Amino acid sequence: MVVFLNDSLHTGENVRYQSEFKCLSHFRGKLGRYPPWPGKIVSPPKDLKKPRGKKCHFVKFFGTEDHAWIKVEQLKPYHAHKEEMIKINKGKRFQQAVDAVEDFLKKAKGKEQVRLDLTDSDPEPSTIERLGAGPGSGFKWESSVGELPSHQACFALLFFYLPLTFGFIGTPQRIDTGSTSIQAADSTAVNGSITPTDKRIGFLGLGLMGSGIVSNLLKMGHVVTVWNRTAEKCDLFIQEGARLGRTPAEVVSMCDITFSCVSDPKAARDLVLGPSGVLQGIRPGKCYVEMSTVDPETITELSQVITSRGGRFLEAPVAGSQQLSNDGMLVILAAGDRTVYEDCSSCFQAMGKTSFFLGEAGNAARMMLILNMVQGSFMATIAEGLTLAQATGQSQQTFLDILCQGQMASTFVDQKCQNILQGNFKPDYYLKHIQKDLRLAISMGDMANHPTPMAAAANEVYKRAKALDQSDNDMSAVYRAYIH
């Protein structure tokens with residue numbers, strides 16, 4: 001699915017090509033200001049069209065799986081600017097990318113090298129540096145003459161005002177063109193060091209998801225004040241440079257933007273409406289971002305009370321797990337005040353790989369519950385399949401091996417099933433939370449007069465698992481509901 005993002009959103013045909021990658025999705029938009037980044041000019045897939053009216057080259061960025069159409073004037077020769085670029089970018093990922101360039105060039109030594117003149121015209125084949133695609137190249141495009149395309153090491157400069165076609169490897173997604181937009185996709189794509197907002201950030205709730213989020217905010221240079229109901233959880237983040245807030249109200253009063261990420265609707269309401277709660281610290285212009293997975297009614301209530309005090313409200317629940325939170329690879333679903341969403345740009349880049357803006361408050365909660373309903377139901381079905389295999393004398397490992405070679409193969413399936421077979425139910429996403437999400441999704445279906453029989457059946461299995469004291473284990477512990 002090709003998605004172009006400018007003032008409006010469009011959909012297009014899937015871009016598929018025969019290579020080590022299965023598909024290439026790309027979008028065009030105004031990205032935040034990124035540092036210089038080393039890349040090499042490569043040949044695009046034959047069915048990926050060049051942007052109209054743009055004098056640009058297709059560039060693969062070293063150290064990532066990301067690609068972009070970059071204007072000619074935004075490219076600088078690698079060797080001539082190497083020292084300059086290294087001086088202004090001290091990020092670890094940037095240095096790793098430079099190391100990848102050096103490794104690539106070492107492997108290319110001895111092969112014919114011709115200087116690429118980065119002029120306003122497209123490079124002719126005879127003027128392109130002919131470098132073989134060794135392990136450092138990361139690409140194996142097919143060529144009509146049976147050899148790989150040419151490459152040129154360069155620095156690709158991406159600036160806020162630069163409209164570009166930015167590519168990332170991933171699964172095509174169908175986008176609702178009504179109110180949806182995508183913001184600065186992959187936080188690992190050309191952002192060895194994100195330029196953090198100068199706004200003061202608050203964060204309430206340091207659970208499985210919140211801890212990873214705060215850690216990444218701090219790593220990327222944000223000024224963060226933290227609070228947690230169990231105060232001891234704050235200690236590690238204080239050591240990493242965070243400031244401590246004594247109450248939610250104090251955090252909000254000290255900060256420009258305050259995020260919260262707690263367990264359920266009750267906890268979210270108590271945090272805002274309770275003693276020394278968020279509402280007591282809200283003043284005109286203060287921003288509050290609710291990241292908890294809750295029902296739309298709770299979001300509506302919180303939005304109303306925050307805005308009644310002159311505050312600005314955004315909901316931004318996240319799709320992912322503890323590991324994805326730690327890795328800064330969450331998917332953020334946002335809705336509410338668009339200006340708050342824009343103010344959170346660097347924060348979302350630090351904590352996630354993609355963010356979606358879904359329109360009015362409540363839409364993100366609805367979408368999040370639907371996603372978790374599907375995930376929870378799927379996990380219960382996988383557990384059912386594993387136990388049925390065992391009950392009928394089939395090897396569970398063989399079942400998993402076959403599953404991972406078919407259409408349902410995914411990291412999620414592999415990791416969850418392997419953990420089940422190893423008896424490892426350390427929480428990556430609490431079972432009690434996925435059951436809560438199923439319950440809320442079923443309720444949402446009831447209100448819309450829409451049947452949810454699959455989710456209802458899965459919910460009963462998770463309730464059985466909770467009765468077996470599996471609440472604080474990973475969602476994959478639903479497996480135990482079938483064997484007891």
Side-chain angles (χ1 to χ4, degrees), residues 3 5 9 173-185 187 203-205 207 209-210 212-213 257-269 271-272 278 287-307 311-321 324-325 329-345 347-376 429 433-434 436-445 447-448 450 452 455:
V3 184
L5 181 79
L9 203 66
Q173 299 185 25
R174 183 175 300 278
I175 308 297
D176 179 355
T177 60
S179 59
T180 308
S181 66
I182 307 173
Q183 171 155 316
S187 68
F203 206 95
L204 312 174
M209 306 297 276
I213 291 171
I257 304 173
T258 300
F259 296 85
S260 71
C261 188
V262 293
S263 58
D264 56 33
K266 182 180 184 304
R269 286 191 180 95
L271 196 61
V272 174
V278 167
C287 301
Y288 187 65
V289 183
E290 180 58 80
M291 304 193 78
S292 314
T293 300
V294 297
D295 55 281
E297 293 71 32
T298 296
I299 291 298
T300 299
E301 179 184 355
L302 297 182
S303 176
Q304 289 174 349
V305 297
I306 294 295
T307 56
R312 300 157 63 203
F313 181 85
L314 184 77
E315 60 167 333
V318 292
S321 62
L324 292 175
S325 177
M329 295 296 284
L330 296 169
V331 175
I332 299 114
L333 310 182
D337 190 326
R338 180 64 184 252
T339 63
V340 180
Y341 175 68
E342 293 166 354
D343 286 345
C344 293
S345 176
C347 297
F348 288 157
Q349 289 175 46
M351 67 180 74
K353 64 177 180 179
T354 311
S355 64
F356 292 82
F357 185 78
L358 303 177
E360 66 181 19
N363 282 344
R366 295 180 183 95
M367 186 68 79
M368 191 73 254
L369 291 177
I370 295 168
L371 291 169
N372 282 359
M373 177 190 75
V374 171
Q375 181 175 243
Y429 194 97
H433 289 170
I434 201 71
K436 173 262 298 181
D437 296 342
L438 280 164
R439 173 173 55 81
L440 294 177
I442 293 166
S443 176
M444 186 170 69
M447 294 182 67
H450 183 82
T452 53

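Just so it is clear, the model here is predicted, and its values are computed rather than measured. Each residue takes its place number in the sequence, starting with 1. Just so it is clear, the values below take in all heavy atoms, side chains as well, and ignore hydrogens, waters and symmetry mates.
- The closest side-chain donor-acceptor pair between Ser345 and Gln349 falls under 3.5 angstrom.
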#### Entry: Pair Met447-Glu297, side chain to side chain contact (heavy atoms under 4.5 Å, CB included): steps then yes or no
CA-CA 11 Å; Met447 294 182 67; Glu297 293 71 32; 3.4 Å; yes
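- Within the 3.5 Å criterion, the main-chain N or O of Ser303 finds no donor-acceptor partner in the side chain of Glu315.
- Leu302 CG to Glu290 CD: the interatomic distance, rounded to the nearest 0.5 Å, is 6.0 Å.
- Atom-to-atom distance recorded for Ile306:CD1 and Cys287:SG is 10.5 Å, nearest 0.5 angstrom.
- Pro265 is listed as a side-chain neighbour of Leu440, based on a closest heavy-atom distance under 4.5 Å.
- When every heavy atom of Tyr288 is checked against every heavy atom of Leu204, the shortest pair comes out as CE1-CD1, 4.3 Å.
- Thr339 is linked by a side-chain hydrogen bond (donor to acceptor under 3.5 Å, both in side chains) to Arg312, Asp337, counting only residues two or more places apart in sequence or in another chain.
- At a threshold of 4.5 Å between non-hydrogen side-chain atoms, the residues Phe259 and Cys347 count as touching.
- A pairwise comparison of heavy atoms in Thr452 and Gly445 identifies CG2-CA, 4.4 Å as the closest pair.
- With Ser325 contributing its side chain and Ile213 its backbone, the two residues share a donor-acceptor pair below 3.5 Å.
- Rounding to the nearest 0.5 angstrom, the gap separating the CZ atom in Phe356 from the CZ atom in Phe348 is 13.0 Å.
- With Leu333 as reference, Met367 is the one residue of Met367, Met291, Arg366 to meet the side-chain contact (heavy atoms from CB on, under 4.5 Å) rule.
- Here the closest non-hydrogen pair linking Ile299 and Ala365 is CG1-CB, 4.0 Å.
- A distance of 5.0 Å separates CD in Gln375 from CD1 in Ile434, rounded to the nearest 0.5 Å.
- Contact annotation: the side chain of Cys344 approaches that of Ile257 to within less than 4.5 Å [non-hydrogen atoms, C-beta and beyond].
- Atoms OG and CG, from Ser292 and Asp264 in turn, are 8.5 Å apart once rounded to the nearest 0.5 Å.
- Note that CD1 of Ile332 is 11.0 Å distant from CE of Met368, once rounded to the nearest 0.5 Å.
- The shortest non-hydrogen separation linking Tyr341 to Ala334 is CD1-CB, 3.6 Å.
- Asn372 is linked by a side-chain hydrogen bond (donor to acceptor under 3.5 Å, both in side chains) to Tyr429, Asp437, counting only residues two or more places apart in sequence or in another chain.
- A distance-only check finds a donor-acceptor pair linking the side chain of Lys436 to the backbone of Thr293 [under 3.5 Å].
- Nearest heavy atom pair, residue Gly210 against residue Cys261, reads N-SG, 4.4 Å.
- Of all the heavy atoms in Ala441 and Leu369, the pair that sits closest is CB-O, 3.8 Å.
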### Message
As a quick check of understanding, evaluate side chain to side chain contact (heavy atoms under 4.5 Å, CB included) for Val318 and Met209, giving each step before the final call.
### Response
CA-CA 9 Å; Val318 292; Met209 306 297 276; 3.8 Å; yes
